Amino acid sequence: MKIVHVASELFPYMKTGGLADAVAALGVSLAENGHEVSVFVPGYRAALEHKDAAGAERKLRLKVEMADDFLSGDVRVFSPRKNLKVHLICREEFFDRRNPYGNGERDYEDNADRFIFFCKAVVEMLRLGDLQADVVHCHDWQAALLPLLLREAERRHNVTLALKTIFTIHNIAFQGVFPAKTFARTNLPDELNQMDGLEYYSQINLMKGGILFSDRVTTVSPRYAQEIQTPEFGCGLDGVVQTRADDIVGLLNGVDNSVWNPAVDPLLPARYSAVNLSGKAVCRTELLKRCGFAPDFKGPIFGMVARLTEQKGIDLLLANQDFFLAHEVRFVVLGSGDKRMEQELRDLTAAAPQKVYLCAKLDEAMSHLIEAGSDFFLMPSIFEPCGLNQMYSQVYGTVPIVSRVGGLADTVTDADAEPGRGTGLMCDPNAASLRDALHRALSLAADKPRFAAVQQRAMARDFSWKVAAAGYERLYQDAL
Ligand code: ADP
């Protein structure tokens with residue numbers, strides 16, 4: 001198949017979260033399986049400066065219609081591996097920036113123009129480059145206009161640009177909502193600016209367009225596909241998602257096991273596998289040292305790696321801070337973000353520096369060391385479209401403690417509820433239920449044979465992208 005992916009992030013050229021990893025791993029897996037894959041991303045400064053882009057070929061000069069203006073741009077193409085082409089949509093004014101969406105404080109004022117331009121440029125490239133895609137697969141709000149723009153261009157020019165379109169929701173909390181006047185920039189027919197189109201409470205909502213006008217909709221876990229049809233998780237789009245209930249499917253992201261694999265991980269002080277866990281003990285000692293704790297500590301270590309946001313359940317942990325003070329445990333957090341949460345974690349660290357450690361920055365090596373050196377990994381998210389860390393922790397033999405939402409519920413089984421199958425501990429997304437899970441963790445840690453059995457089951461799970469990519473292949477074939 002000829003498969004086109006359109007996204008605002010692609011590892012290693014631009015990454016702010018799981019989206020970049022998912023698009024990259026899916027693209028590579030499909031290319032390895034012999035499909036012809038093209039990925040379109042904005043030509044951000046970091047992407048253009050990446051060594052892979054050094055020999056990029058300037059394919060096309062673009063004139064993109066935006067309301068009454070025509071904006072110029074160009075497309076640069078390089079191929080990082082067989083069957084895989086990366087197309088950078090370039091326009092300095094929009095994309096020659098360090099950060100993709102905002103300056104850290106606020107989103108950029110021109111985000112609507114930037115991503116409408118991006119989607120239109122992709123359509124122009126599909127048309128003028130004659131790519132003849134079987135499937136155009138769009139990710140999140142930044143690419144959500146593609147299905148509408150493609151069909152409009154096909155109508156105007158009387159051509160077929162793509163047989164089917166797929167839209168994947170990686171996080172419904174970000175929808176691309178802009179003032180009503182923005183609609184003119186799309187040059188779409190006015191009837192698409194109605195309640196059954198992009199219109200959304202007197203504004204426009206780009207993600208709504210992707211959900212309504214693509215041939216199939218996917219989410220990054222089966223449970224999330226159900227959850228976003230409810231007011232609790234739908235962020236205002238639950239009714240819209242419900243209208244596509246027959247066409248929506250949840251496909252779990254996978255783990256890139258060339259990066260996240262304790263048997264080969266170069267970021268660890270020692271490597272290990274399920275049959276020989278001695279390397280995990282070396283990682284544990286190193287982690288304790290890095291945090292300034294006594295290296296011979298024998299009790300349970302609780303680790304966490306997360307953006308500090310409401311989504312990740314940081315407040316549920318803070319509500320349970322006395323747990324970490326009252327018991328002989330260690331608590332290590334790697335993460336930055338919300339300033340208030342960061343300060344409260346800092347205060348907790350100051351209250352018990354011999355037990356609690358906060359590393360408030362981005363640190364790839366530390367994230368691997370926490371996954372490997374901890375006994376329990378904490379991820380009590382309020383909502384979680386898929387989540388990667390709970391899968392990493394199972395692969396690394398670290399028992400995840402997760403809330404029963406989204407991809408967490410799909411990838412972890414509770415060891416108390418299902419003693420023969422459990423790979424972790426689960427709670428509801430509230431402080432009392434998390435407290436109960438933390439106490440159950442203490443009991444599990446105290447029962448060495450039971451802990452080892454949970455750990456072995458976790459390490460035996462297959463979260464590889466092979467499984468994930470096969471799911472997408474079936475979906476594409478089914479849609480075609
Ligand atoms: P999300 O995409 O919602 O942030 P995921 O669990 O899907 O959550 O993926 C988060 C990714 O970002 C993981 O690979 C995680 O290890 C990484 N990460 C988060 N915070 C940090 C940090 N401070 N340093 C290093 N890696 C981090």
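Computed from a prediction, not measured in an experiment: that's the story for all the values here. Read the numbers this way: they start at 1 and go in the same order the structure lists the ligands and their atoms.
- For ligand 1, the atoms closer than 4.0 angstrom to any heavy atom of Gly387 are 6 (O), 7 (O).
- Between Ser336 and ligand 1, a contact under 3.5 Å exists for no N or O pair.
- Contact atoms of ligand 1 toward Met379: 6 (O) (distance under 4.0 Å to a heavy atom of the residue).
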inquiry  = Please determine whether side-chain contact (heavy atoms from CB on, under 4.5 Å) holds for the pair Phe451 and Phe376, giving the CA-CA distance in whole Å, both sets of side-chain angles, and the decisive distance to 0.1 Å.
reply    = CA-CA 10 Å; Phe451 182 90; Phe376 294 97; 3.7 Å; yes
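- Checking only distances, Trp260 never comes within under 3.5 Å of ligand 1, N or O to N or O.
- The closest non-hydrogen atom to atom 11 (C) of ligand 1, taken over Leu408, Ile370, Asn389, comes from Asn389.
- The salt bridge (charged side-chain N to carboxylate O under 4.0 Å, His left out) search around Glu418 returns Arg421, not counting sequence neighbours.
- The shortest heavy-atom distance from Lys312 to ligand 1 is under 4.0 Å.
- Test Leu425, Thr413, Leu444 against Val454 for side chain to side chain contact (heavy atoms under 4.5 Å, CB included) and you get one pass: Leu444.
- Judged by the 6.0 Å distance and 45° axis criteria, Arg45 is not positioned over the aromatic ring of Phe95.
- Residue contact check: Val305 has heavy atoms under 4.0 Å from atoms 16 (O), 18 (N), 19 (C), 20 (N), 21 (C), 27 (C) of ligand 1.
- Closer than 4.0 Å to atom 15 (C) of ligand 1 lies at least one heavy atom of the protein.
- Partner Ser374 forms a side chain to side chain contact (heavy atoms under 4.5 Å, CB included) with one of Leu369, Val332, Leu287 and no other, that one being Leu287.
- Listed by number with element, the atoms of ligand 1 under 4.0 angstrom from any heavy atom of Lys361 are 22 (C), 23 (N), 24 (N).
- Here the CE atom belonging to Met1 is positioned 8.0 Å from the OH atom belonging to Tyr476, to the nearest 0.5 angstrom.
- Near Leu362, with a cut-off below 4.0 Å to any heavy atom, the atoms of ligand 1 are 21 (C), 22 (C), 23 (N), 24 (N), 25 (C).
- Neither the backbone nor the side chain of Gln390 has any atom closer than 4.0 Å to an atom of ligand 1 (non-hydrogen atoms only).
- Considering both main-chain and side-chain atoms, Leu388 comes within under 3.5 Å of ligand 1 through a nitrogen or oxygen pair.
- Looking at Asp247, its side chain never comes within 3.5 Å of a backbone N or O of Val217 through a donor-acceptor pair.
- Residues forming a salt bridge (charged side-chain N to carboxylate O under 4.0 Å, His left out) with Lys466 (at least two apart in sequence, or on another chain): none.
- Protein heavy atom closest to atom 24 (N) of ligand 1, with residue, atom name and distance, is Asp363 N, 3.0 Å.
- Ligand 1 places these atoms under 4.0 Å from at least one heavy atom of Tyr392: 14 (O).
- Atom CZ of Arg223 sits about 7.0 Å away from atom CG of Asp410, to the nearest 0.5 Å.
- Taking any N or O of Lys15, backbone or side chain, none lies under 3.5 Å from an N or O belonging to ligand 1.
- The cationic group of Arg114 does not satisfy the cation-pi geometry with Phe117, failing either the under 6.0 Å distance to the six-membered ring centre or the 45° limit from the ring axis.
- Taking the centre of each ring, His87 and Phe78 stay at or above the 6.0 Å mark.
- The ligand atoms of ligand 1 that sit less than 4.0 angstrom from a heavy atom of Gly18 are 2 (O).
- From the protein, the heavy atom lying nearest to atom 4 (O) of ligand 1 is Arg307 NE, 2.7 Å.
- Within 4.0 Å of atom 9 (O) of ligand 1, at least one protein heavy atom is present.
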